Chemist: 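One structure follows; several queries about it will come next.
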Amino acid sequence: MTRYDPKTAEPKWQAAWEDAGVFRARDPQEAGDAPRAYVLEMFPYPSGRIHVGHSRNYAMGDVVARFRRANGYNVLHPMGWDAFGLPAENAARDRGVNPEDWTRANIEVMRGQLKRLGLAIDWSRELATCDPSYYKHQQALFLAFLEKGIAYRRTAKVNWDPVDNTVLANEQVVDGKGWRSGAPVETRELEQWFLRITAYSEELLEGLKGLDRWPDKVRTMQENWIGRSRGAHVRFALSNPPEGAADAIEVFTTRPDTLFGAAFVAVAPDHPLIKAMAADRPDLDAFMRETASMGTSEEAIERAEKKGVDTGLTVRHPFDPDWELPVWAANFVLSTYGTGAIFGSPAGDQRDLDFARKYGLPVKPVVLPPGADPASFEITDEAYIGPGVSFNSQFLDGLETPKAIEAAIAKLEELKAGEGATTWRLRDWGVSRQRYWGCPIPVIRCSACGIVPVPEADLPVELPKDVDFNSPSNPLAAHPTWKHVHCPQCNEMAERETDTLDTFVDSSWYYARFCSPQAADTPVEMDKAAYWLPVDQYVGGVEHAVLHLLYSRFFARAMRDCGYLDLPDGEPFAGLFTQGMVTHETYRSAAGKWLGPEEVREADGSLVDEAGAAVKRGAVEKMSKSKKNVVDLDAFVEEYGADVARWFVLSDSPPERDVQYTTQGVEGAARFVQRLWALVDDHPEGGPGPLTVADGAEGPALEIRRAAHRAAKEVSRAIEEFRFNVAVAQLYELVNTLRKLPSGETETAARAEALGILVRLIGPFAPHLAEEGWARLGGEGLAAVAPWPVHDEALAAQQTVTVGVQINGKKRSEVELAPDADEAAAKEAALADSRTARGLEGLTVRKFIYVPGRIINIVAG
RNA sequence: GCGGGCGUGGCGGAAUUGGUAGACGCAAGGGACUUAAAAUCCCUCGGUCCGAAAGGACCGUGCCGGUUCGACCCCGGCCGCCCGCACCA
């Protein structure tokens with residue numbers, strides 16, 4: 001009897017897989033009749049090192065990839081690097097390293113770590129988005145978008161740090177201040193590049209309906225994000241328009257039926273009207289500035305205390321020219337949504353009500369909730385936002401809300417004061433970043449010719465390497481020579497665009513590039529893409545539920561419209577799974593410094609650091625570098641092996657939920673690996689092989705076969721349904737059962753069959769152990785390509801089922817029945833049972849409920 | 001603040017999706033083996049109560065209410081935690 005030693009087995013089998021090239025995805029011509037499967041995990045940002053938390057995502061994808069391959073699929077399971085982004089620039093600034101060197105070094109380290117996890121990846125397709133051979137094609141796509149009008153320029157707001165003279169990301173704005181300078185953030189308008197995702201709003205919304213292998217929650221989130229709403233545009237004529245401003249305020253509302261409850265009109269603090277007045281109105285100017293200092297994130301704006309300033313202007317009510325309403329500037333009105341102006345109907349909207357109460361504006365109820373009495377109905381501090389019947393509303397009185405909306409719109413159109421309209425919450429995608437470490441936007445600004453695309457022959461526009469990170473502003477713009485070029489059209493001196501693309505652009509099409517990663521002349525080879533796409537199973541964190549996934553769906557369509565991709569329904573990801581995180585306890589020193597788990601030990605029941613000082617145990621949180629609660633993958637693999645890491649992150653918690661890292665849990669996984677090995681190693685050397693079919697087995701041998709076939713059935717189903725923790729539990733059960741059943745000579749053939757099944761079932765989870773077991777049992781070739789065990793339904797089926805017997809819904813007993821027993825048999829068995837009989841004493845049976853295989857419920861009284 | 005999700009023993013979770021709540025794992029307790037320890041193996045393990053025991057009763061899936069023969073599952077209201085909010089990836 002030997003112990004299983006991952007340290008020797010794992011590198012051995014990893015080399016064997018590589019030598020045999022078993023994970024190489026075959027091109028369509030080579031693949032023959034094999035069905036294809038594209039399995040993809042969201043590719044990592046090369047931040048430094050992989051920790052056990054990251055590995056869960058890849059382990060899950062790998063289970064699917066290995067399962068599909070064992071089932072005869074031609075599998076594409078690639079890996080790449082989302083390699084552009086802010087952290088590299090931060091490292092450059094903080095540590096004086098070059099972003100590219102830093103990134104490439106990280107990739108080297110992380111690739112090694114992933115390889116040591118034993119993932120079934122086709123490494124020949126590896127790509128990195130920071131590689132000119134990748135972003136060259138991205139630049140070509142951008143130019144195609146520009147030509148199609150999908151890419152365009154306009155001004156937009158950014159967070160501006162006035163001390164560092166730099167644009168700040170939302171995460172760099174802390175409490176309205178720059179994270180490094182501490183200076184209050186200003187909002188600035190900048191010329192920026194945008195992608196016209198809003199042109200696809202309707203299609204992106206409609207497309208969600210067909211994504212039946214996506215989690216409902218993600219579809220709902222995208223639906224809400226796109227945010228289609230029907231309503232009306234209403235024009236409120238200004239009684240006394242200020243000079244240089246329009247003579248009316250246009251408002252969007254979903255509830256034109258509440259127009260008679262209007263108390264005020266409110267515009268965004270940066271609405272053109274306010275800008276026009278700001279010069280003569282210090283209070284408005286101050287309000288505008290104050291609001292701007294909140295930053296540009298919607299969250300900050302929404303959380304801020306609701307405030308407003310009376311502009312002194314008035315507008316006329318569209319239905320009654322004699323009725324004047326005050327115009328306020330309000331910080332909860334977003335200039336980016338609708339028309340940047342609203343009318344306030346306090347009785348029907350909570351925010352409007354709070355605002356009205358705060359500033360003493362009238363509250364007039366105009367929608368009567370069902371069953372309420374019009375004479376006594378009042379609004380106190382809670383608005384009624386639901387549907388009802390209009391009242392206090394002249395020609396709308398008595399109409400149900402939907403009818404009232406229609407009637408109000410008809411009237412607006414008749415008066416030419418407005419019209420029915422649909423607006424969307426979705427905004428165009430701002431892709432300009434004033435940063436160095438991103439894909440350069442391939443255009444040249446010429447004072448004579450305007451915006452000139454870089455000729456395709458000149459792509460890629462590469463990033464310069466000799467950049468200075470000491471000044472905080474965009475190093476590309478600050479570079480002495482890089483931006484100075486001749487205009488491709490007039491040949492006069494001109495300047496390159498110094499903005500780079502949002503890194504979400506990089507990740508919006510990488511799944512397509514994987515189909516033909518080496519193609520030099522085109523982003524995507526259409527025939528390869530047609531074969532592989534859409535991705536059958538995409539795996540990643542829920543945090544990407546909206547942005548990355550929506551941008552990718554948009555990109556697939558924009559590429560289609562430019563002739564670069566042709567997906568049947570435009571959707572790049574047919575199946576999506578959003579996995580949970582790996583969490584870990586956090587630790588802090590007395591001084592509040594975060595400590596890593598390896599710096600903490602237990603002494604006399606309390607936690608201390610290496611020096612013996614007391615350590616505070618903090619909350620269990622998602623593994624992250626910033627809180628140091630990470631377990632490095634290499635250290636883990638060194639101690640336990642890759643299979644234990646994979647087994648652990650897949651067991652216990654359902655994949656969509658978080659799993660908590662505990663040393664005990666890991667030890668349990670490690671014990672299981674040894675127990676399984678002992679079971680396999682107990683088999684007689686040179687005995688029957690792992691593909692044995694022990695026909696005619698009886699007694700314990702039959703039990704052995706039954707257990708194995710039942711496990712094959714359940715594990716296959718669990719993998720198919722993405723319930724890996726259930727598959728793991730089934731495998732534990734099979735191992736427990738096999739250990740309990742006898743292993744005499746008469747059971748040898750059945751054991752060979754069962755162990756052969758077990759080893760293959762283990763494969764997707766603990767692939768190295770599976771290979772070692774397969775070899776030990778005398779299996780031919782590699783377990784990684786051995787056929788998946790197909791269970792015999794007759795063997796897997798239960799012979800009898802235990803059915804609970806309830807009396808009036810309370811469980812009183814249970815009976816053994818054949819799975820297909822009919823009601824008469826069930827009734828007979830139930831009534832014959834002594835405990836049931838005792839429970840029924842003195843009662844008359846009124847109803848007998850029997851659900852085969854599930855429950856018997858006797859209603860008696 | 002808005003949108004989405006989650007909540008079951010000491011802990012992670014299972015429950016064939018309206019049908020025996022607690023599979024499987026961890027921890028804990030008891031025992032076997034051992035000079036001893038580790039490793040391994042066996043048994044017990046939601047709570048309260050009745051009973052020497054065998055066994056039995058009641059309570060129990062965040063909280064309150066509802067629908068149903070039957071609710072962890074469906075409906076209404078609340079509480080707590082997590083994710084996203086457009087320049088983090």
Side-chain angles (χ1 to χ4, degrees), chain A residues 42 44-45 47 82 84-87 90 158-159 167-173 192 215-218 220-225 227 296-306 332 336 351 425-435 502-504 507 541-548 550-551 578 580-581 583 619 621-622 651-654 656-660 662-669 671-672 674-675 678 714 717 723 725-726 728-733 736 739 802-814 835 846-851 853-860:
Chain A
M42 290 180 186
Y45 177 79
S47 57
D82 190 11
F84 276 135
L86 265 184
N90 294 336
V158 294
N159 299 311
V167 176
L168 296 176
N170 281 337
E171 71 154 10
Q172 297 172 326
V173 179
Q192 308 241 61
D216 288 342
K217 61 174 174 180
V218 175
T220 311
M221 279 191 252
Q222 292 215 353
E223 202 179 306
N224 292 336
W225 187 265
T296 57
S297 91
E298 191 167 302
E299 183 191 359
I301 295 165
E302 291 257 336
R303 272 180 190 272
E305 189 198 344
K306 308 288 177 278
F332 60 86
T336 49
R351 216 157 41 176
R425 208 184 76 97
L426 184 65
R427 313 199 292 258
D428 274 340
W429 176 12
V431 293
S432 280
R433 296 293 180 269
Q434 292 69 41
R435 320 225 173 262
D502 178 7
T503 57
F504 272 125
S507 54
V542 243
E543 65 273 21
H544 294 293
V546 177
L547 295 180
H548 162 61
L550 190 63
Y551 290 151
T578 53
M581 316 283 175
T583 60
E621 297 191 61
K622 166 182 158 184
S651 56
D652 294 350
S653 278
E656 68 277 12
R657 235 188 280 179
D658 291 351
V659 62
Q660 190 187 337
T662 59
T663 312
Q664 292 92 327
V666 171
E667 299 281 354
R671 268 199 299 273
F672 175 75
Q674 292 302 335
R675 231 179 305 157
E714 296 300 329
R717 185 167 71 178
R723 291 147 49 82
N725 57 321
V726 176
V728 164
Q730 294 292 338
L731 288 164
Y732 269 112
E733 216 163 311
N736 290 345
R739 277 151 54 89
T802 312
V803 176
V805 180
Q806 297 178 339
I807 295 171
N808 294 329
K810 276 187 189 267
K811 191 192 160 195
R812 284 294 120 107
S813 183
E814 50 192 33
R835 281 192 294 175
R846 302 203 191 282
K847 199 169 165 192
F848 186 85
I849 295 158
Y850 171 55
V851 183
R854 301 259 198 279
I855 200 77
I856 290 166
N857 189 12
I858 302 168
V859 184

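Proteins come first, then strands; the chains are lettered A, B, ... in the order of their sequence lines, and each starts at number 1. Note: hydrogens, waters and symmetry copies are ignored here, and every other heavy atom, side chains too, is used. Everything quoted here is computed from the prediction, not taken from an experiment.
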Chemist: Between A:E656 and A:R723, is the closest basic N to carboxylate O distance under 4.0 Å?
Modeler: no
Chemist: Given atom CD of A:E656 and atom P of B:C82, what is their separation to the nearest angstrom?
Modeler: 19 Å
Chemist: Taking atom P of B:C73 as reference, at what distance in whole Å does atom CZ of A:R854 sit?
Modeler: 18 Å
Chemist: Quick check on B:U17: syn or anti? Syn means the glycosidic torsion is within 90 degrees of zero.
Modeler: syn
Chemist: Rounded to the nearest Å, what distance is computed from the CZ atom of residue A:R723 to the P atom of nucleotide B:G25?
Modeler: 18 Å
Chemist: Between the protein and nucleotides 9-11 of chain B, which nitrogen or oxygen pairs are less than 3.5 angstrom apart?
Modeler:
none

Chemist: Go ahead and name the base partner of B:G12; Watson-Crick or wobble counts if both distances stay under 3.5 Å, otherwise write none.
Modeler: B:C24
Chemist: Without decimals, in angstroms, what is the distance between A:K811 NZ and B:C59 C1'?
Modeler: 16 Å
Chemist: Counting only Watson-Crick or G-U wobble pairs whose two distances fall under 3.5 Å, which nucleotide matches B:U40?
Modeler: B:A32
Chemist: Indicate whether OP1 or OP2 belonging to B:C58 is found under 4.0 Å from a side-chain N or O atom of A:R812.
Modeler: yes
Chemist: Quick one: is B:C24 close enough that its OP1 or OP2 comes under 4.0 Å of any side-chain N or O from A:N736?
Modeler: no
Chemist: With a 4.0 Å cut-off on heavy atoms, is A:P654 in touch with a base, just the backbone sugar-phosphate, or nothing at all?
Modeler: sugar-phosphate
Chemist: Please encode protein proximity along nucleotides 65-72 of chain B as a string of B, S and -, counting only heavy-atom distances under 4.0 Å.
Modeler: ----BS--
Chemist: In whole Å, what separates the C1' atom of B:G13 from that of B:C63?
Modeler: 22 Å
Chemist: Please figure out whether A:R835 or A:R739 has its closest RNA chain B nucleotide nearer the 5' end.
Modeler: A:R739
Chemist: Pick the C1' atom in B:G62 and in B:A52, then give their distance to the nearest Å.
Modeler: 40 Å
Chemist: What is the distance, rounded to the nearest whole Å, between atom CD of A:E302 and atom P of B:G4?
Modeler: 14 Å
Chemist: How does protein contact run along nucleotides 45-51 of chain B, one letter per nucleotide 5' to 3', with B for base contact, S for sugar-phosphate only, - for none, heavy atoms under 4.0 Å?
Modeler: -------
Chemist: Which atoms of nucleotides 84-89 of chain B (N or O only) lie under 3.5 Å from a protein N or O atom, and what are those distances?
Modeler:
unit_1, atom_1, unit_2, atom_2, d
B:C85, N4, A:E299, OE1, 3.4
B:C85, N4, A:E299, OE2, 3.0
B:A86, OP2, A:E298, N, 2.9
B:A86, O5', A:N170, ND2, 3.3
B:A86, O2', A:R427, NH2, 3.3
B:A86, N6, A:R425, O, 2.9
B:A86, N1, A:R427, N, 3.0
B:C87, OP2, A:R433, NH2, 3.0
B:C87, O4', A:R433, NE, 3.0
B:C87, O4', A:R433, NH2, 3.2
B:C87, O3', A:N170, N, 3.4
B:C87, O2', A:N170, N, 2.5
B:C87, O2, A:R435, NH2, 2.6
B:C87, N4, A:Q192, OE1, 3.4
B:C87, N4, A:Q192, NE2, 3.3
B:C87, N4, A:Q434, OE1, 3.0
B:C88, OP2, A:E171, N, 3.2
B:C88, O4', A:E171, OE1, 3.2
B:C88, O4', A:E171, OE2, 3.2
B:A89, OP1, A:L86, N, 3.0
B:A89, OP2, A:T503, OG1, 3.2
B:A89, O3', A:D82, OD2, 2.8

Chemist: Please state how far atom CZ in A:R657 lies from atom P in B:G4, giving the value in whole angstrom units.
Modeler: 20 Å
Chemist: Closest approach of A:G809 and A:N857, non-hydrogen atoms and distance?
Modeler: N-OD1, 3.0 Å
Chemist: When you compare B:U44 with B:A38, how far apart are their C1' atoms, in angstrom units rounded to a whole number?
Modeler: 24 Å
Chemist: Roughly how many Å apart are B:G18 and B:U68, using the C1' atom of each and rounding to a whole number?
Modeler: 9 Å
Chemist: On RNA chain B, check which nucleotide each of A:T220 and A:N725 is closest to and give me the residue with the more 5' one.
Modeler: A:T220
Chemist: From the options B:G13, B:A15, B:A27, select the nucleotide whose nearest atom is closest to the side chain of A:V726.
Modeler: B:A15
Chemist: If the cut-off is 4.0 Å, is A:S651 near the phosphate of B:G25, judged by side-chain N/O to OP1 or OP2?
Modeler: no
Chemist: What orientation do A:F848 and A:Y850 show, parallel under 30°, tilted 30 to 60°, or perpendicular over 60°?
Modeler: tilted
Chemist: Salt-bridged, A:R425 to A:E223, with N to O below 4.0 Å?
Modeler: no
Chemist: In whole Å, I'd like the distance from the CD atom of A:E667 to the P atom of B:A28.
Modeler: 12 Å
Chemist: Would you mind pulling out the nucleotide paired to B:G84, Watson-Crick or G-U wobble, both distances under 3.5 Å?
Modeler: B:C2
Chemist: Would you mind calling B:G55 syn or anti? Take O4'-C1'-N9-C4 for purines or O4'-C1'-N1-C2 for pyrimidines, and syn is within 90° of 0.
Modeler: anti
Chemist: Taking the P atom in each of B:U16 and B:C11, what is the distance between them to the nearest angstrom?
Modeler: 23 Å
Chemist: Are side-chain N/O atoms of A:N725 and A:S651 paired as donor and acceptor at under 3.5 Å?
Modeler: no
Chemist: Can you tell me the distance, in whole Å, between the NZ atom of A:K810 and the C1' atom of B:G60?
Modeler: 11 Å
Chemist: Rounded to whole angstrom, note down the P distance from B:G84 over to B:G30.
Modeler: 45 Å
Chemist: Regarding A:R351, tell me which of base, sugar-phosphate or nothing describes its non-hydrogen contacts under 4.0 Å with the strands shown.
Modeler: nothing
Chemist: Which of parallel (below 30°), tilted (30 to 60°) and perpendicular (above 60°) describes A:W429 and A:Y551?
Modeler: parallel
Chemist: Looking at residues at least two apart in the chain, or sitting in another chain, which of them share a side chain to side chain donor-acceptor pair (under 3.5 Å) with A:W225?
Modeler: none
Chemist: With both distances under 3.5 Å as the test, what is the Watson-Crick or G-U wobble partner of B:U48?
Modeler: B:A57
Chemist: Report yes or no: do A:N170 and A:T296 form a side-chain donor-acceptor pair below 3.5 Å?
Modeler: yes
Chemist: Among the nucleotides B:U20, B:A23, B:C26, which one has an atom lying closest to any side-chain atom of A:E733?
Modeler: B:A23
Chemist: Looking at A:N159 and A:V173, would you say the former's side chain and the latter's main chain have a donor-acceptor pair under 3.5 Å?
Modeler: no
Chemist: Counting only N and O atoms by type, is there a donor-acceptor contact under 3.5 Å from the side chain of A:K306 to the main-chain atoms of A:E302?
Modeler: yes
Chemist: Can you tell me whether the base of B:A52 sits syn or anti, using the 90° cut around 0 to define syn?
Modeler: syn
Chemist: By salt bridge (Lys or Arg N to Asp or Glu O under 4.0 Å), which residues pair with A:R671, not counting sequence neighbours?
Modeler: none
Chemist: Please give the distance between the P atoms of B:G10 and B:G47 as a whole number of Å.
Modeler: 7 Å
Chemist: Just by distance, no angles: are the side chains of A:E814 and A:Q806 close enough, under 3.5 Å, to form a donor-acceptor pair?
Modeler: no
Chemist: In whole angstrom, give me the gap between the C1' atoms of B:G60 and B:G9.
Modeler: 10 Å
